[in-house]
Amino acid sequence: MRRVRYAVAASLDGYIAGPKGEADWIIMDPAIDFESFFKQFDTVLLERRTFEAMAREGRAGVPGMETYVFSRTLRQRDYPDVTILGEQSSETLATLRSKSGKDIWLFGGGSLFHSLLNAGLVDTVEVAIIPVLLGGGIPLLAPPAKQTKLNLTGHKVYKTGIVSLEYSVQ
């Protein structure tokens with residue numbers, strides 16, 4: 001079965017975006033092999049706000065990956081290059097997981113992570129801790145959330161101060 005992997009950058013104080021959704025604080029460390037990372041996936045999951053921010057920048061999908069957007073308000077006909085998932089998104093994701101292929105990247109969207117984690121549909125949590133304190137913004141996991149046990153499966157420290165942590169969800 002394919003894994004759903006939540007891979008995200010977070011500030012040291014636990015935010016995945018600033019108060020207005022900004023991500024300009026994220027360091028792009030040249031030692032991180034993004035090409036190798038992207039090759040591990042053939043499917044990406046986005047929530048509406050993350051997708052809309054990407055679309056405004058002219059990136060309405062992720063090249064080389066099937067893109068699924070979780071939204072109750074976007075219309076499929078307006079975004080033919082992606083698949084909009086609405087009310088039955090958990091069932092669709094369960095079907096995607098059972099198909100053959102590479103892992104599924106859950107990218108961006110604390111509320112999407114929250115709902116999929118609660119539904120038992122997230123297999124790993126991979127956080128790149130960026131050495132910055134934002135003091136507010138969109139949290140990695142907003143309350144209320146149920147306690148979830150994790151098992152450390154990997155870690156790496158970069159010269160820029162980024163600490164990459166990889167956990168499996170138990």
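Keep in mind that what you see is a predicted model, and the values were worked out from it rather than measured.
The shortest non-hydrogen separation linking Gly110 to Ile16 is N-CD1, 3.5 Å. Contact detail for Gly135 and Asp13: the closest heavy-atom pair is N-OD2, 2.7 Å. Between Lys146 and Leu117, the shortest heavy-atom contact is CE-O, 4.2 Å. Counting all heavy atoms, side chain and backbone alike, His114 lies closest to Pro144 at NE2-O, 2.6 Å. Considering all non-hydrogen atoms of both residues, Pro19 and Gly136 come closest at CD-O, 3.6 Å. Between Arg5 and Phe41, the shortest heavy-atom distance links the atoms CZ-CZ, 3.5 Å.
No side-chain heavy atom of Asn151 sits under 4.5 Å from any side-chain heavy atom of Tyr167. Here the side chains of Leu45 and Leu93 are in contact, with some heavy-atom distance below 4.5 Å. Thr67 has its side chain out of reach of Asp81: every pair of non-hydrogen atoms, C-beta onward, lies at least 4.5 Å apart. Here the side chains of Glu66 and Thr83 are not in contact, with every heavy-atom distance at 4.5 Å or above. Using a 4.5 Å heavy-atom threshold, the side chains of Val4 and Arg97 count as touching. Residues Leu74 and Glu52 meet the side-chain proximity criterion, which asks for heavy atoms closer than 4.5 Å. Between Phe107 and Thr50, the closest side-chain pair of non-hydrogen atoms falls below 4.5 Å.
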| message | Between Leu150 and Gln170, is the side-chain contact (heavy atoms from CB on, under 4.5 Å) condition met? List the steps. | response | CA-CA 6 Å; Leu150 305 172; Gln170 297 193 3; 5.9 Å; no
| task | List the steps and the verdict of side-chain contact (heavy atoms from CB on, under 4.5 Å) for Leu85 and Val69. | result | CA-CA 6 Å; Leu85 299 177; Val69 180; over 6 Å; no
| message | side-chain contact (heavy atoms from CB on, under 4.5 Å) for Ile129 and Ile162? Distances and angles first, verdict last. | response | CA-CA 6 Å; Ile129 304 296; Ile162 293 174; over 6 Å; no
| task | Assess whether side-chain contact (heavy atoms from CB on, under 4.5 Å) is satisfied between Val169 and Thr124, documenting all intermediate values. | result | CA-CA 5 Å; Val169 176; Thr124 69; 5.8 Å; no
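For the pairing with Phe51, the ring-ring contact (aromatic ring centres under 6.0 Å, His included) check across Tyr68, Tyr79, Phe70 returns one residue only, Tyr79.
For the atom pair CG of Asn118 and CG of Leu141, the computed distance is 7.5 Å after rounding to the nearest 0.5 Å. In this structure, CD1 on Ile27 lies 5.5 Å from CD1 on Ile130, to the nearest 0.5 angstrom. Once rounded to the nearest 0.5 Å, the distance linking CG of Leu165 with CD of Glu126 reads 10.5 Å. Taking CE from Met1 and OG from Ser100, the interatomic distance works out to 12.5 Å, rounded to the nearest 0.5 Å. To the nearest 0.5 Å, atoms OG (Ser11) and CG (Leu133) are separated by 7.0 Å. Here the CG atom belonging to Leu112 is positioned 10.0 Å from the CG atom belonging to Leu121, to the nearest 0.5 angstrom.
Atom CD of Glu35 sits in a sparse spot, with 12 or fewer heavy atoms from other residues, nucleotides or ligands closer than 6.0 Å.
One finds no salt bridge joining Asp29 and Lys159 here, because no Lys/Arg side-chain nitrogen approaches an Asp/Glu carboxylate oxygen to under 4.0 Å. A salt bridge is defined here as a Lys NZ or Arg NE, NH1 or NH2 lying under 4.0 Å from an Asp or Glu carboxylate O, and Arg49 with Glu47 meets this definition.
By the 30° and 60° cut-offs, the orientation of the rings of Trp105 relative to Phe37 is perpendicular.
The backbone N or O of Lys39 lies less than 3.5 Å from a partner atom in the side chain of Lys102, making a donor-acceptor pair.
In the model, Arg2 has a side-chain atom that pairs as donor or acceptor with a side-chain atom of Thr43 under 3.5 Å.
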